[in-house]
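Any value given below was found using the heavy atoms of this structure, including those in side chains, with hydrogens, waters and symmetry copies removed.
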Amino acid sequence: MGLVQLLKSQVLCHLIMCYVFVVSGLIINLLQFCTLPVWLINKQLARRINIRLAYCISSQMVATLEWWSETECTLYTDPESFPLYGNENAIVVLNHSYDIDFLCGWTFCERFGVLGSSKVLAKKELSYVPVIGWMWYFLEIVFCKRKWEEDRTTVAQSLQNLHDYPENFWFLLYCEGTRFTRKKHQISMKVAESKGLPKLKYHLLPRTKGFWVTVQNLRGKAVAVYDATLNFRNNETPTLLGVMSGKKYHADLYVRRIPLDLIPEDEAECAAWLHKLYQEKDGFQEQYAQTGRFPGPVKSPPRRPWCLINWLFWVCLLLYPLGLLLVQLISSGSALTIAVAVALFSAASLGFRWMIGQTEISRGSSYGSKAVPLNNN
């Protein structure tokens, strides 16, 4: 292990990164709150401002993946579709199997210049979480309660509100509804058997109602679905802690562009179409497992420097006052002050480990873990 890699693996580095992310995030949240009066005067201007502010938060995490851990992302796609990425509104269907698949999705957005405006379908509880949740609130992220009777109307209305959105956006959708685990897969395949659906080896059954509502309400705004299938080389199981420790991974992403006009409008036909899509995604994963690559040519865009520049800006801005505080604590000579500082450092370290642990698949949502019928398939 080299000196640089040794430094990256230290808890102190992780705490500094966490400090910069949280404090800068709260500052940006405050700036987003200040845009509320602008909404009353010029809604589109407020939206454009919030796109840039949101980028200042999410791009820090992308910078951690791309520049700190130097994880490589290889894109397999059709050369004819490649020029359209980033220049049109689209629904991106991703598999949900890894701790950092959301980061790879954001990296995909960043490479094509739509990270600040990217959308997701997220749990309502996340809207109350500082930094990411508050950022999403001002970015008009679509929140759901995972209760179909309530979500059908609220999600549809939120999607309709995006029809006059001023910039291109991608709507990232995890149709499986939760991360893949062995237990959830066993339960999901029992449901597949009971419904007479083909079993999947690498995915859970997709939740079709949310997909149908998304497609129906974004027709006329989004023009395509990007079917994105992610895997990692050498059977790697990447974690967020590994990324923050500077461990390098290699992600492979296979993307197919499917015009939205080809997706049936009827709910039952749309559900059948989505199930067929996931059977094809399963085939792509099987091919990857056997050959170590996805079908088609490689057409990967290079890293952009903007997320790194943004990250370094916040590091320089926020480390200076932190350094002054530490110097004052040490120079004070007070045993009590130093003891309190050590206690706070220890608490912050434990808190950081706990937060990182929540991103692990083993700590994921219990959604999909109960052996009950999936009434939205």
Checklist entry - Please walk me through it: do Leu253 and Thr74 pass side-chain contact (heavy atoms from CB on, under 4.5 Å)? => result CA-CA 6 Å; Leu253 185 67; Thr74 299; over 6 Å; no
Checklist entry - Passes salt bridge (Lys or Arg N to Asp or Glu O under 4.0 Å), Glu280 versus Arg256? Steps please. => result CA-CA 11 Å; Glu280 293 172 352; Arg256 296 185 296 166; 3.0 Å; yes
Checklist entry - Would Arg257 and Glu88 count as a salt bridge (Lys or Arg N to Asp or Glu O under 4.0 Å) if you check the C-alpha gap in whole Å, the side-chain angles of each, and the deciding distance to 0.1 Å? => result CA-CA 11 Å; Arg257 181 185 181 275; Glu88 62 184 5; 2.8 Å; yes
Item to check | Worked verdict on Val92 versus Ser118 for side-chain contact (heavy atoms from CB on, under 4.5 Å) | outcome: CA-CA 10 Å; Val92 183; Ser118 63; over 6 Å; no
Item to check | Worked check of side-chain contact (heavy atoms from CB on, under 4.5 Å) between Thr208 and Cys270 | outcome: CA-CA 8 Å; Thr208 61; Cys270 183; over 6 Å; no
Checklist entry - side-chain contact (heavy atoms from CB on, under 4.5 Å) between Lys8 and Lys247: does it pass, once the steps are laid out? => result CA-CA 9 Å; Lys8 287 182 177 182; Lys247 185 175 181 180; over 6 Å; no
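In this structure, the ring of Trp106 has its center less than 6.0 angstrom from the ring center of Phe102. If you look at Phe112 and Phe82, their ring centroids are closer than 6.0 Å.
Here the closest heavy-atom approach between residue Ile141 and residue Ala122 is recorded as CG2-CB, 4.3 Å. Counting all heavy atoms, side chain and backbone alike, Tyr278 lies closest to Leu94 at OH-O, 3.8 Å. Shown here for His14 and Ser245, the closest heavy-atom pair between the two residues is CE1-OG, 3.3 Å. Smallest separation of non-hydrogen atoms from Ser127 and Phe143: CB-CZ, 3.5 Å. In terms of heavy-atom proximity, Leu319 sits nearest to Ile16 at CD2-CG2, 3.5 Å. Taking all atoms of both residues into account, the shortest heavy-atom contact from Leu139 to Ile51 is CD1-CA, 4.1 Å.
Distance check: Leu172 CG to Lys119 NZ gives 10.5 Å after rounding to the nearest 0.5 Å. Rounded to the nearest 0.5 angstrom, Trp68 CH2 and Leu308 CG are separated by 11.5 Å. Interatomic distance, Ser188 OG to Lys183 NZ, rounded to the nearest 0.5 Å: 14.0 Å. Atom-to-atom distance recorded for Phe171:CZ and Tyr226:OH is 15.0 Å, nearest 0.5 angstrom. We find the CZ-CG distance between Arg207 and Leu173 to be 12.5 Å, quoted to the nearest 0.5 Å. Taking CG of Leu205 as the reference point, atom NE2 of His275 lies at 6.0 Å (rounded to 0.5 Å).
With no hydrogens or angles considered, a side-chain donor-acceptor pair links Lys281 and Thr229 at under 3.5 Å. Asp101 and His96 share a side-chain donor-acceptor pair at under 3.5 Å.
Residue pairs that meet the ring-ring contact (aromatic ring centres under 6.0 Å, His included) test with at least one member in residues 246-274, sequence neighbours left out, are Phe211-Trp273, Tyr254-Phe284, Tyr254-Phe294. Residue pairs meeting the side chain to side chain donor-acceptor pair (under 3.5 Å) criterion with at least one partner in residues 45-61, sequence neighbours excluded, are Ser24-Gln60, Gln32-Asn50, Thr35-Asn50, Gln44-Arg47, Arg47-Glu140, Arg47-Asp164, Arg48-Glu167, Arg52-Glu167, Tyr55-Glu110, Ser59-Asn310.
The backbone N or O of Lys145 lies less than 3.5 Å from a partner atom in the side chain of Asp151, making a donor-acceptor pair. Distance alone, capped at 3.5 Å, is enough to place a donor-acceptor pair between the Trp134 side chain and the Tyr128 backbone. Proximity of a side-chain donor or acceptor of Lys43 to a complementary backbone N or O of Val38 within less than 3.5 Å is not detected. In terms of modelled atom types and a separation under 3.5 Å, the side chain of Asp282 and the main chain of Tyr202 share a donor-acceptor contact. Proximity of a side-chain donor or acceptor of Asn217 to a complementary backbone N or O of Gln160 within less than 3.5 Å is not detected.
Taking Asn89 as the reference, nothing meets the side-chain hydrogen bond (donor to acceptor under 3.5 Å, both in side chains) condition, with sequence neighbours excluded. In this structure, the side-chain contact (heavy atoms from CB on, under 4.5 Å) partners of Arg111, at least two apart in sequence or on a different chain, are Glu66, Cys73, Thr107, Pro301, Arg303. For Arg233, the salt bridge (Lys or Arg N to Asp or Glu O under 4.0 Å) partners two or more places apart in sequence, or in a different chain, are Asp252. Contacts of Glu269 classified as salt bridge (Lys or Arg N to Asp or Glu O under 4.0 Å), with partners at least two apart in sequence or in another chain: none.
Side-chain contact between Val131 and Met135 is absent, with no heavy-atom pair separated by less than 4.5 Å. The shortest distance between side-chain heavy atoms of Thr64 and Trp311 falls below 4.5 Å. In this structure, Phe180 and Tyr98 have side chains that are not in contact, with every pair of non-hydrogen atoms separated by 4.5 Å or more.
Lys248 pairs with exactly one of Glu72, Gln5, Glu70 by the side-chain hydrogen bond (donor to acceptor under 3.5 Å, both in side chains) rule, that one being Glu72.
Using a cutoff of 4.0 Å between basic side-chain nitrogens and carboxylate oxygens, Glu193 and Lys199 are scored as salt-bridged.
The hydrophobic cluster containing Phe108 does not contain Val298, counting ILVMFWY residues as joined when their side-chain heavy atoms lie under 4.5 angstrom apart, directly or transitively. At a threshold of 4.5 Å between side-chain heavy atoms, the hydrophobic network of Ile, Leu, Val, Met, Phe, Trp and Tyr places Tyr137 and Met61 in two separate groups. The cluster map of Ile, Leu, Val, Met, Phe, Trp and Tyr, joined by side-chain heavy atoms under 4.5 Å apart, puts Val22 and Leu65 in the same cluster.
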